[in-house]
Protein chains: 2
Amino acid sequence: MVHEYLVKNNIKPLYNRVKVLEYLLDKQNHPTVDEIYNDLVKELPTLSKTTVYNTLKLFLQANLVRLITIEDNETRYDVNIPNHGHFKCEECKEIYDFTIDIDGVETEELSQFKIKEKSVYYKGICPGCLNKKN
Amino acid sequence: MVHEYLVKNNIKPLYNRVKVLEYLLDKQNHPTVDEIYNDLVKELPTLSKTTVYNTLKLFLQANLVRLITIEDNETRYDVNIPNHGHFKCEECKEIYDFTIDIDGVETEELSQFKIKEKSVYYKGICPGCLNKKN
DNA sequence: GGATACTCTTGTAATCATTACAAAATTATA
DNA sequence: TATAATTTTGTAATGATTACAAGAGTATCC
Ligand SMILES: [Mn+2]
Ligand SMILES: [Mn+2]
Ligand SMILES: [Zn+2]
Ligand SMILES: [Zn+2]
């Protein structure tokens, strides 16, 4: 449960925080701050966008969420699940998850480096959009 | 030679364009627009930042360069070389290239997807910064 | 419970990278 | 050389993110 999960990660489970994390867990949507804010403000009319930013920064520091920076002009957020990459469709802009065993790839060049985080982003066209083109 | 390389890619080899591409090829630096501009303006005093943006956009469309979006607040550029990933050191902020055979990784989940571009970003601490810490 | 201190939230203003745009300069075409 | 097309430039507009201070909420202690 989200409440306990926050406590376990040393984050006070305040109302807004629970709502933001629940949002990220429910909609596996890779949302922007604007999307999070616009959806949540319906339920939480006094919510401010700054709070969404603050909350996400807190979650980032605690490694509960991670940034998705496929595009240089849109920052998206995702719950932090290991061994999954992201595919962004150039047509419909949808972001798909896919499992990838990136830890299984050899990178002996980096043997002296301390690796803390790995990101894999693909771009292209999704099956749905490929079909529409034919 | 840069001049011919541009011609071959259907890009008029105008003076600024040659300079920007040479800059990217010489300094394997993964520079920001600001860094490119600030360095080149020494040689090209009338250069404008808009031109740097325009030129890079052109190169992107022609697939001569690619975006590096490791951080959400800094867009960097790199000459487009296949099968290499980027490691960014959290301490010194340096971005290191490393070779990675990402095409060798199985992703049968994406068998119906048309993949056009793959990016791999790691974060952590580089050997130099690890040493300083001890 | 009530006073006090601490933390969180909010709204507005500031910042900064990028884009839009139109005029000036350059280059190509005839 | 004239004319058209493209490129460059400088400035203004945009938009996402951050800074900041006041207000609201929460915890602690008596
Ligand atoms: Mn995801
Ligand atoms: Mn590189
Ligand atoms: Zn699609
Ligand atoms: Zn370092």
Side-chain angles (χ1 to χ4, degrees), chain A residues 2-3 6-7 9-23 29-62 64-78 93 95, chain B residues 2-3 6-7 9-23 29-62 64-78 93 95:
Chain A
V2 173
H3 199 277
L6 287 173
V7 173
N9 283 276
N10 300 312
I11 293 174
K12 273 194 233 169
L14 301 174
Y15 196 62
N16 289 337
R17 294 173 178 175
V18 171
K19 286 293 180 183
V20 171
L21 187 52
E22 279 177 350
Y23 181 89
N29 225 5
H30 313 103
T32 62
V33 164
D34 257 53
E35 287 166 357
I36 299 169
Y37 171 77
N38 287 321
D39 282 348
L40 284 185
V41 79
K42 295 168 191 162
E43 282 187 76
L44 315 172
T46 71
L47 184 68
S48 84
K49 209 174 278 185
T50 303
T51 297
V52 178
Y53 277 107
N54 290 341
T55 304
L56 289 169
K57 181 173 286 182
L58 191 69
F59 289 172
L60 277 173
Q61 286 160 355
L64 304 188
V65 304
R66 60 184 301 167
L67 282 178
I68 299 182
T69 55
I70 303 180
E71 306 288 348
D72 62 330
N73 59 348
E74 63 174 30
T75 304
R76 295 182 171 275
Y77 294 83
D78 196 11
K93 315 301 181 195
I95 295 175
Chain B
V2 172
H3 199 276
L6 287 172
V7 172
N9 283 277
N10 300 310
I11 293 174
K12 274 193 235 169
L14 302 174
Y15 195 63
N16 289 337
R17 293 172 178 175
V18 172
K19 285 294 181 184
V20 170
L21 187 51
E22 279 177 350
Y23 181 89
N29 224 4
H30 313 102
T32 62
V33 165
D34 257 54
E35 287 167 356
I36 298 170
Y37 171 77
N38 287 322
D39 282 348
L40 285 184
V41 79
K42 295 169 193 162
E43 282 186 77
L44 315 171
T46 71
L47 184 67
S48 85
K49 209 174 279 186
T50 304
T51 296
V52 179
Y53 277 106
N54 290 341
T55 304
L56 289 169
K57 181 172 286 180
L58 190 70
F59 289 173
L60 277 172
Q61 286 160 354
L64 304 188
V65 304
R66 59 184 302 167
L67 282 177
I68 300 181
T69 55
I70 304 179
E71 307 288 347
D72 62 332
N73 58 348
E74 64 174 27
T75 304
R76 295 181 171 276
Y77 294 83
D78 197 10
K93 316 299 181 196
I95 294 175

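Order of the sequence lines fixes the chain letters, A, B, ..., with proteins taken first and strands second; residue numbering starts at 1 for each chain.
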Fill in: salt bridge (Lys or Arg N to Asp or Glu O under 4.0 Å) partners for A:E22, two or more places apart
none
Practice prompt. Counting heavy atoms from C-beta on, name the nucleotide in D:dT7, C:dT9, D:dT18 closest to the side chain of A:N54.
Written response: C:dT9
Discussion item. Quick check: closest heavy atoms across A:P13 and A:V7, and the distance to 0.1 Å?
Written reply: CG-CG2, 3.7 Å
Worksheet item: On DNA chain C, nearest-nucleotide positions of B:T75 versus B:L14: which is more 5'?
Response: B:T75
Practice prompt. Could you list the residues that satisfy salt bridge (Lys or Arg N to Asp or Glu O under 4.0 Å) with A:K93, not counting sequence neighbours?
Written response: none
Discussion item. Strictly below 4.0 Å: does A:N16 bring a side-chain N or O up to OP1 or OP2 of C:dC8?
Written reply: no
Worksheet item: Atom CD of B:E71 to atom P of C:dT18: distance rounded to whole Å?
Response: 14 Å
Worksheet entry | Nearest listed nucleotide, side chain of B:K57, among C:dT19, D:dA16, D:dT8 | C:dT19
Worksheet entry | Residues forming a salt bridge (Lys or Arg N to Asp or Glu O under 4.0 Å) with A:D39, sequence neighbours excluded | A:K27, A:K42
Worksheet item: Whole-Å distance between C:dT19 P and B:L60 CG?
Response: 10 Å
Worksheet item: What residues in residues 38-50 of chain B put a non-hydrogen atom under 4.0 Å from any atom of DNA chain D?
Response: B:T46, B:L47, B:S48, B:T50
Worksheet item: Rounded to whole angstroms, how far apart are CZ on B:R76 and C1' on C:dT18?
Response: 16 Å
Item to complete: Using side chain to side chain donor-acceptor pair (under 3.5 Å) as the criterion, list what pairs up with A:S48, not counting sequence neighbours.
Response: A:T51
Worksheet item: Separation of B:L56 atom CG from C:dT19 atom P, in whole Å?
Response: 11 Å
Fill in: Residue mapping more 5' on DNA chain D - nearest nucleotide basis, B:N73 or B:R17
B:R17
Worksheet item: When you measure from the side chain of A:T51, which nucleotide among C:dT7, D:dA16, C:dT9 comes out closest?
Response: C:dT9
Practice prompt. Measure the distance from CD on B:E74 to C1' on D:dA16 and round it to the nearest whole Å.
Written response: 16 Å
Worksheet, complete the sentence: Here the distance between atom C1' of C:dT7 and atom CD1 of A:I11, to the nearest Å, is 15 Å
Worksheet, complete the sentence: The salt bridge (Lys or Arg N to Asp or Glu O under 4.0 Å) partners of A:R76 (sequence neighbours excluded) come to A:E35, A:E74
Discussion item. Nearest whole Å is fine: how far is C:dC16 C1' from B:D34 CG?
Written reply: 10 Å
Worksheet item: How close do B:V65 and B:L60 get, heavy atom to heavy atom, and via which atoms?
Response: O-CD2, 3.5 Å
